[in-house]
Structure formats: C-alpha cells, structure tokens
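Structure record follows, encoded as structure tokens.
Nothing here was measured: the structure is a model prediction, and the numbers come from that model.
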Amino acid sequence: MSVHCVLTSAGRCFSLPCPTAGLLRYLQPVQSSMTRRKMSSKRQMDHLERTAHNQRQSALYPAQVCGIMNESETVKRLRITVHPDFNFKAGQWVDLFIPGVEKVGGFSMCSSPGLLQREGVVELAVKYSKHPPAEWVHTACTLGSQVAMRVGGDFYFDPSPSDPAMNLLLVAGGVGINPLYSILSHTADLLELSRAPDGRVYNIASAHLCYSAKTTQELLFKNSILQVCRDFPDKLSCDFHVTQQSTDVGLHLQSLVNRRRITEEELRTHVDPQRTLCYLCGPPPMIEAISKTLMDLGLPQDRIVFEKWW
C-alpha cells in the first residue's frame, strides 16, 4: 500500500508516494536497554541505538531526491524535496528511511533552515561506506528516489534575538563539517536578516570556523565557506587544516590552509570564556582532545557542545 502526499515547493504541486506500509516496521520504539547492553567492539553501533536517548520528532515525512552532486571523490551531496510541514534546527540530523534497505540511515543536514524556507529542500552530504544507507546513496539513489525522513538531535544552534552577544567557534573534522556548515549558513542567514531595515537583530558578534581534513580535496563546501566569509568579513572567518596533503595547495587556498592539526595557539585566539560558544563535530579522539584544550583555555564545559558520529 502507498499513500500519496501532495507537496508544494517553489510554486509547484506534485504527488509524492509515501511507502507507508513498508516503513511502519521501522517505527517501533527503540528500547533503552539496547544502549545499555555491552556492545561488541567488532560491531558498529546502529544509528537508532546510538541516538536512542536523543530527542527526535514524532513525524515521519515523505521526501524525494531532486538533485545529486559529487561533493568530493568519496562524498555525494543530495538535494531532497520535503513536505511543507518538515522543519529542523541548524545542526540536527535525520533518520533516513529507504524502501528496500533494512538499516535506517543517520545523516546530519548540511543545509540551513533558511534554504528550506526559500526552496523547500534540504541537503545531505554522505560519505561512501559499506553501511547500507550510505552505500545506497552512492550506488542506487537516483533523481526521483522516494525516501522518508524524521528529524532528531540535541546538537543545534537556534538563537533568539534576545540572547546576549556571543562569539561562535565551530570546529570540524572530516565529514563532521556537515552540521557545522548548516550552523555557519544559518548564522549568515541571521546576519542577513539583521541587515534588513525591518529585520530582527541577532546578537552574533562573530563566528569562526576551524576545519580539518586529510587533504584540500576533502575540505567539503570550501568555496561556499569562503564566499559566505567574504559576504560578512567583519563577522565570519575561517581557517583550514590538512593533515595528509602530499601535493601543493592551490593558490586561492594557500593563505588559509595550515598543513598541520589545529593547535592550542590557534584556538586561543578565538576563545573568550565569557562570550564564546563552541560547537565540535568530528572523530571522537579529535573531539576529546579539542574539548580538553578549550577547557584548559578557560572555556566552561557547558559552552562546549559536541557530537560524535564515529
């Protein structure tokens, strides 16, 4: 059985089949005992197990793939048209339900809520792996593919105009850039809104992104990141780090790329214990090391927000 949901996007209406019967079997509540169970080190914890205690919306929405791009040699970027009621906060992820794939995917959105409002789409950037949902994205997903999505996650940036002034520090490792690019883009949208004569003013003093990857080719969204920093030069800035670069860095990136890991000295420049709010996303060893460094620099633990995906 399938239920057709009418979606409206960019002035267009179309009918989108929602494979309700096939998806319902995935929607059984995840038992909390699953996360307490001793896990074998040889088995990667399933997304639903890993996120059993995270908040997630109850609604599952039908969606349709409307764009597929190669973001790098190992990462595909999907544009997905969603239901008009679909909503999320910058930094959150989705449970991705794929017809015919038993495992449920868990992927952070790399787009901003503003893009959703303007175009009715969200974007996911998925690195290739043998995990069935990621493998499907790279080997079977096509334009028009039907999926369903549910929003979740406690890692998000959703300020109010009444919040005190803040400095954002965003630290990303590898594909951990996805939620942080969403947050950076959302920050730019809020700054743009503050420019409008009748817009609400958000107290964002600055936002700086430290982004580390193996090579410049794996620095996802780098051109878009540079552009948004040029759009708000007094508010937004970034620096890139590569740890396994064997070739020369392109001329347009040379002044921004450091051929080393992120250092304490670089972080110190962007840490004000009273005003800095830091978001981290990347491999667990990186998050643990950066978190310790930030606390050594005087940043309170409750101002360090992180998400581990590996």
Side-chain angles (χ1 to χ4, degrees), residues 35 47 50-57 87-95 106-114 125 151-191 202-213 220-221 225 228 235-239 241 261-262 264 266-310:
T35 60
H47 165 66
R50 185 188 300 275
T51 61
H53 295 295
N54 289 124
Q55 64 170 306
R56 52 179 20 99
Q57 296 177 8
N87 67 89
F88 72 100
K89 298 173 183 176
Q92 289 188 301
W93 39 257
V94 291
D95 297 328
F107 303 113
S108 292
M109 283 163 283
C110 60
S111 55
S112 70
V151 173
D154 306 306
F155 181 88
Y156 57 82
F157 177 59
D158 185 34
S160 299
S162 59
D163 289 346
M166 70 186 80
N167 297 320
L168 284 180
L169 175 59
L170 311 176
V171 183
V175 290
I177 187 62
N178 281 331
L180 298 185
Y181 182 55
S182 174
I183 290 172
L184 182 69
S185 300
H186 183 50
T187 301
D189 288 341
L190 297 181
L191 291 173
Y202 289 81
N203 295 316
I204 300 170
S206 67
H208 181 77
L209 170 67
C210 290
Y211 179 16
S212 178
L220 308 181
F221 322 121
I225 290 169
V228 78
K235 294 285 189 178
L236 306 182
S237 59
C238 66
D239 59 67
H241 296 254
R261 298 185 185 278
I262 299 168
E264 178 179 340
E266 289 162 324
L267 294 173
R268 186 189 305 274
T269 306
H270 303 286
V271 171
D272 178 342
Q274 302 303 316
R275 299 179 66 185
T276 298
L277 177 61
C278 181
Y279 287 83
L280 301 172
C281 190
M286 174 187 173
I287 287 179
E288 290 157 9
I290 296 290
S291 296
K292 181 181 184 305
T293 298
L294 291 171
M295 287 188 285
D296 289 344
L297 292 173
L299 193 62
Q301 190 170 4
D302 62 1
R303 285 182 168 269
I304 303 171
V305 187
F306 61 81
E307 186 156 72
K308 300 177 181 178
W309 274 98
W310 296 272

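- Considering only heavy atoms from C-beta on, Phe88 comes within 4.5 Å of Met109 through its side chain.
- A distance-only check finds a donor-acceptor pair linking the side chain of Lys235 to the backbone of Ile204 [under 3.5 Å].
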Acceptor/donor pairs from residues 274-283 side chains to any protein atom, 3.5 angstrom cut, sequence neighbours excluded:
| unit_1 | atom_1 | unit_2 | atom_2 | d |
| --- | --- | --- | --- | --- |
| Thr276 | OG1 | His270 | O | 3.4 |
| Thr276 | OG1 | Asp272 | N | 2.7 |
| Thr276 | OG1 | Asp272 | O | 3.2 |
| Tyr279 | OH | Tyr156 | O | 2.9 |

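- In this view, Arg261 satisfies the salt bridge (charged side-chain N to carboxylate O under 4.0 Å, His left out) rule with no residue, not counting sequence neighbours.
- Ala188 and Val228 make their closest contact through CB-CG2, 3.3 Å (heavy atoms, listed as atom of the first residue, atom of the second, distance).
- In plain terms, the two heavy atoms of Leu299 and Pro273 that are nearest each other are CD1-CA, 4.1 Å.
- For the pair Ser237 and His208, the tightest heavy-atom approach, listed with the atom from each and the gap, is OG-ND1, 2.6 Å.
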Run the side-chain contact (heavy atoms from CB on, under 4.5 Å) test on Leu220 and Tyr181 for me, step by step, so that the C-alpha distance in whole Å, both residues' side-chain angles and the decisive distance to 0.1 Å come before the verdict. CA-CA 9 Å; Leu220 308 181; Tyr181 182 55; over 6 Å; no
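- When Lys89, Gln92, Arg56, Gln55 are each tested for a side-chain hydrogen bond (donor to acceptor under 3.5 Å, both in side chains) with Asp154, only one passes: Gln55.
- Residues Glu307 and Ser108 approach most closely at OE1-OG, 3.9 Å, considering heavy atoms.
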Would you please test Met286 and Ile262 for side-chain contact (heavy atoms from CB on, under 4.5 Å) and show each step? CA-CA 10 Å; Met286 174 187 173; Ile262 299 168; 4.1 Å; yes
Asn87 and Val151: CA distance, side-chain angles, deciding distance, side-chain contact (heavy atoms from CB on, under 4.5 Å) verdict: CA-CA 8 Å; Asn87 67 89; Val151 173; over 6 Å; no
side-chain contact (heavy atoms from CB on, under 4.5 Å) between His241 and Tyr211, intermediate numbers included: CA-CA 6 Å; His241 296 254; Tyr211 179 16; over 6 Å; no
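- At least one donor-acceptor pair under 3.5 Å links the side chain of Ser182 to the backbone N or O of Ser111.
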Listing, residues 158-172 side-chain donor-acceptor contacts under 3.5 Å, not counting sequence neighbours, or none:
| unit_1 | atom_1 | unit_2 | atom_2 | d |
| --- | --- | --- | --- | --- |
| Asp163 | OD2 | Ser160 | N | 2.9 |
| Asn167 | OD1 | Ser206 | OG | 3.0 |

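- Going from atom CZ of Arg268 over to atom CG of Leu297 covers 5.0 Å, rounded to the nearest 0.5 Å.
- Counting heavy atoms of neighbouring residues, nucleotides and ligands inside a 6.0 Å radius, atom CZ of Phe306 does not exceed 12 of them.
- The two residues Asn178 and Phe221 have their closest heavy-atom pair at OD1-CZ, 3.4 Å.
- With rounding to the nearest 0.5 angstrom, the SG atom of Cys210 is 8.0 Å from the CD1 atom of Ile290.
- Ionic pairing of Lys292 and Glu288 is not present here: no N-O contact between side-chain nitrogen and carboxylate oxygen is shorter than 4.0 angstrom.
- Taken from CZ in Phe155 to CD1 in Ile183, the straight-line distance is 4.5 Å, to the nearest 0.5 Å.
- Nearest heavy-atom pair across Thr51 and His47 is OG1-O, 2.8 Å.
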